[in-house]
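Worksheet: the structure to be examined is printed underneath.
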Amino acid sequence: MKDTQQPGQVVLATLIEWLRDGRFVIPDFQRNFEWDTSDIRELMRSIFLDYYIGNLLLWDGKEENFDTLSCIPIEGFEGNDHREHIVLDGQQRLTAIYYSFFAPDIPPPRRKKRVLYYIRVDHFMAEEYDKAFQYESLVNRITRMQEDLDWQFREHIFPLYIIGDEDRFSLSNWLQGYKNHWEQAGDSQQAKNAQKFAIYIQDLIRKYQISYIGLGQKVALEKVCEIFTKINSQGISLDTFDLMNAMLSPKELKLRAMYEKAAPRLASFSGDDRLNIRILQVMSLKLQEACSPRYLYYLVPKSEKQTRDSRGKRQTVVLVPDARHFVELWEDAVTALEGTMQLLRDPREFGAVAENYLPYTTILPAFAVLQMHAKSLAPAQRIKAHHKIQLWYWASVFLNRYKSAVDSTSASDYRSVRNWIEDDSDDDSKEPDFVSDFKKSIRSFDLKGETRGGNSTYRGIFNLMIKAGPRDWVEGFMLQPDNMDNHHIIPVSWGNKNLERGFVHTILNRTPLSAETNRQVIQDRLPNEYLPELIGSAGKEKVASILESHFISGDALDILLRKPFTDKEFDAFVTERQRAILDGIENLLVKERLELPPNLRALQDGVKSVEMKMRELIQEKLDGNAELIPQHIGRKVKERIQRGIHKNPMNEERYDKLSNILEYFDLMELHQLMENKALWSRFQETWKSKQTLEIKFGQLAELRNALSHSRQIGDVTRKEGEAAISWFGRVLKLPDLL
């Protein structure tokens with residue numbers, strides 16, 4: 001084998017010639033080309049920034065092997081091939097290079113249209129690399145990109161097919177034409193940049209090297225297949241994480257094993273296939289306020305980084321001195337990401353209760369490192385710090401800031417928000433511009449067109465609905481995250497017949513509901529059919545109160561009840577609901593108070609005192625016997641306790657006692673237990689009337705939910721809540737609570 005394995009390197013210019021000649025062929029047992037358009041773009045980014053893209057494994061073929069393996073040209077290749085090398089490893093990279101530099105007239109995987117790749121020269125020369133590498137799929141823009149040189153020059157668009165398609169327009173002619181354009185326009189700075197770009201591109205094409213291992217023709221077919229199987233057994237393409245793993249291995253750091261150990265802690269958003277990279281990005285942001293791939297390599301222990309001190313003098317620094325420091329940084333980053341995910345999933349905080357409700361996974365590194373910074377502050381500073389982080393997060397979600405240029409946005413946000421946090425004044429002029437823009441633009445948001453479930457604004461609104469504390473339309477209880485789905489209010493079947501295409505799916509016609517309510521009550525009916533049934537059973541005031549927890553106002557309820565219900569009613573409903581939701585954004589997210597005003601704090605304290613006394617009453621009446629808890633209540637409570645034990649295994653034994661179990665009961669579950677048919681006799685002497693108890697519990701719960709979720713508290717809710725607190729206080733013999 002030693003005599004038949006030859007390591008080598010080929011410069012990019014030569015590789016392009018080989019691709020043009022059709023020298024590479026793919027064996028039948030290789031998988032199809034699978035890379036997304038963004039994967040191809042990232043490979044181009046790596047090449048043009050002079051990053052290593054991994055080894056190719058090539059086998060010098062002969063006719064019998066070409067035929068035996070049913071070899072075919074690289075996808076997209078046209079013309080007469082001169083097959084020479086069988087690609088054993090590197091098909092995805094070589095095909096991506098071909099797509100970029102030759103622009104074949106076929107769509108890449110999972111696309112219906114052809115795609116052209118290009119470099120925005122202005123961003124490239126400004127080192128704004130997140131914005132520099134782009135692609136286009138619109139037919140009219142592709143046509144213009146291929147035919148209109150003046151437009152290319154004016155818009156700083158350098159199509160990458162110029163490099164490969166030498167028959168149409170040579171690279172040197174294009175680069176010279178770009179420079180001439182700006183000289184004739186009288187823009188000397190752009191002309192200088194054009195000259196620098198030309199030198200850089202031509203130098204890169206001549207000198208950028210791709211490494212490969214060449215297997216000679218003498219290697220047996222059986223041996224080649226064995227080698228290929230071992231290489232591809234993981235089914236994972238080479239990326240930044242793979243390269244970091246290879247670079248850290250000599251430092252006795254097994255990065256892949258470290259991630260496998262950390263992965264269960266990050267299972268909240270396990271569908272994010274870049275979580276391994278995000279850990280490294282948190283480390284990099286914390287150390288050097290940057291997280292793009294070229295900065296990650298400075299995390300390798302003892303790697304030297306050239307930088308400048310405060311006086312502008314060049315200096316060499318080592319960010320990570322040894323393997324022990326790397327492990328510590330890694331563990332801190334994993335812990336920060338884990339805490340961030342838990343916070344985002346909390347229905348009372350950010351409402352991303354499931355992975356498919358999270359507006360972005362790309363925002364995780366910046367969020368995690370800002371949380372790390374907030375926790376490093378003095379306790380007195382943390383309340384304001386976390387409030388500012390929340391404003392940053394919601395502004396980023398609703399302004400769609402983490403859709404693209406993520407690395408540079410993360411770095412910029414970490415610096416600006418950190419500085420804002422450290423400024424302990426209440427001067428709004430110190431807040432980042434995008435936060436100010438968010439506050440000013442709320443009323444101009446048009447949510448009617450938000451029909452795509454994957455959009456950040458769509459998901460952000462749904463998170464807001466969850467944060468507001470939605471209650472089940474039938475049971476009246478707070479919806480639990482594990483029994484909450486995104487359902488239509490006006491059914492899809494009606495919308496498809498009566499509305500413009502897709503409009504029925506607007507987020508303004510969606511709300512969190514339990515599967516049971518959707519299946520048993522709403523079904524496929526209009527609200528003017530199912531809401532009267534609920535009103536007839538519980539009363540309009542009670543139903544209106546429940547719907548308000550879904551940002552469905554009294555006016556919106558009246559619209560839903562109209563007969564006939566037409567497209568005009570639908571438009572009136574979503575208009576009114578948009579108003580309520582925009583109010584919610586302001587009240588819950590922007591005008592969030594750091595603490596309740598004194599009059600509301602007194603109400604909150606009164607509710608807490610009543611809850612504590614009821615737990616004591618249940619402990620007494622059940623004689624401390626946890627086995628008397630009704631099964632249907634105990635099952636829900638047990639699930640919460642198990643989640644608590646998972647977070648803190650040391651406290652498992654304490655949950656054998658009834659008094660400790662009752663800590664996990666919510667207000668309505670306390671009510672359910674005491675009214676249970678088998679237990680009511682134990683509580684009848686205290687409460688006398690089930691009917692009165694139910695009314696007072698409902699009033700108390702309505703006030704408690706409004707206080708807990710920062711909703712505006714109306715006069716009726718407040719007065720009824722005060723009356724309920726006073727009534728419970730008298731019955732339970734508590735001192736004056738208000």
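Computed from a predicted model, the values in this text were never measured in an experiment. Count residues from 1 along the sequence.
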Worked verdict on Glu355 versus Ser268 for side chain to side chain donor-acceptor pair (under 3.5 Å):
CA-CA 7 Å; Glu355 186 172 355; Ser268 294; over 6 Å; no

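In this pair, Trp35 and Phe33 present their aromatic rings tilted. The plane angle is within the 30 to 60° band. In this structure, Phe77 and Tyr98 have tilted ring planes: the angle between them lies in the 30° to 60° band.
Between the OH atom of Tyr178 and the CG atom of Leu149 there is a distance of 13.0 Å, given to the nearest 0.5 Å. For the atom pair CG (Asn400) and OG (Ser396), the distance works out to 10.0 Å, reported to the nearest 0.5 Å. Once rounded to the nearest 0.5 Å, the distance linking CZ of Phe24 with CZ of Arg83 reads 15.5 Å.
No hydrogens or angles considered: a donor-acceptor pair under 3.5 Å links the side chains of Asp407 and Gln281. Using modelled atom types and a 3.5 Å distance limit, the side chains of Asn180 and Gln184 yield no donor-acceptor pair. Gln288 and Ser284 share a donor-acceptor pair across their side chains, judged by distance under 3.5 Å alone. Looking only at atom types and distance, the side chain of Tyr135 has a donor-acceptor partner in the side chain of Thr37 under 3.5 Å away. Under 3.5 Å, the side chains of Gln152 and Trp174 contain a donor-acceptor pair of N or O atoms. Neither side chain, Asp150 nor His181, offers a donor N or O lying under 3.5 Å from an acceptor on the other. Of the N and O atoms on the side chains of Asp50 and Tyr200, not one donor lies less than 3.5 Å from an acceptor on the other residue.
Looking only at distances, no side-chain donor or acceptor of Thr14 sits under 3.5 Å from a matching main-chain atom of Val10. Between the side chain of Arg459 and the backbone N or O of Tyr360 there is no donor-acceptor pair closer than 3.5 Å. Here the side chain of Trp182 pairs no donor or acceptor atom with the backbone of Gln189 at under 3.5 angstrom.
Considering only residues two or more places apart in sequence or on other chains, Tyr118 meets the ring-ring contact (aromatic ring centres under 6.0 Å, His included) condition with none of them.
In this structure, Arg418 is positioned above the aromatic face of Tyr414, its NZ or CZ under 6.0 Å from the six-membered ring centre and within 45° of the axis.
Taking the six-membered ring for Trp and the full ring otherwise, the centers of Trp18 and His82 sit at least 6.0 Å from each other. For Phe124 and Tyr129, the gap between ring centers is short of 6.0 Å. Taking the six-membered ring for Trp, Trp151 and His156 have ring centres at least 6.0 Å apart. The ring of Tyr393 has its center closer than 6.0 angstrom to the ring center of Phe367.
The number of heavy-atom neighbours closer than 6.0 Å to NZ of Lys302, taken from other residues, nucleotides and ligands shown, is 12 or below. When the shell of 6.0 Å around CZ of Arg501 is examined, it contains 12 or fewer heavy atoms from other residues, nucleotides or ligands. Within 6.0 Å of CD in Glu78 there are 12 or fewer heavy atoms belonging to other residues, nucleotides or ligands.
For Pro27 against Val87, the heavy-atom pair with the smallest separation is CD-O, 3.3 Å. When all heavy atoms of Phe269 and Met341 are compared, the closest pair comes out as CD1-CG, 3.3 Å.
One finds a salt bridge joining Arg23 and Asp21 here, because a Lys/Arg side-chain nitrogen approaches an Asp/Glu carboxylate oxygen to under 4.0 Å. Under 4.0 Å is where a charged nitrogen must lie from a carboxylate oxygen, and between Asp413 and Arg401 at least one such pair does.
Counting only residues at least two apart or in different chains, salt bridge (Lys or Arg N to Asp or Glu O under 4.0 Å) contacts with residues 191-217 comprise Asp203-Arg206, Asp203-Lys207.
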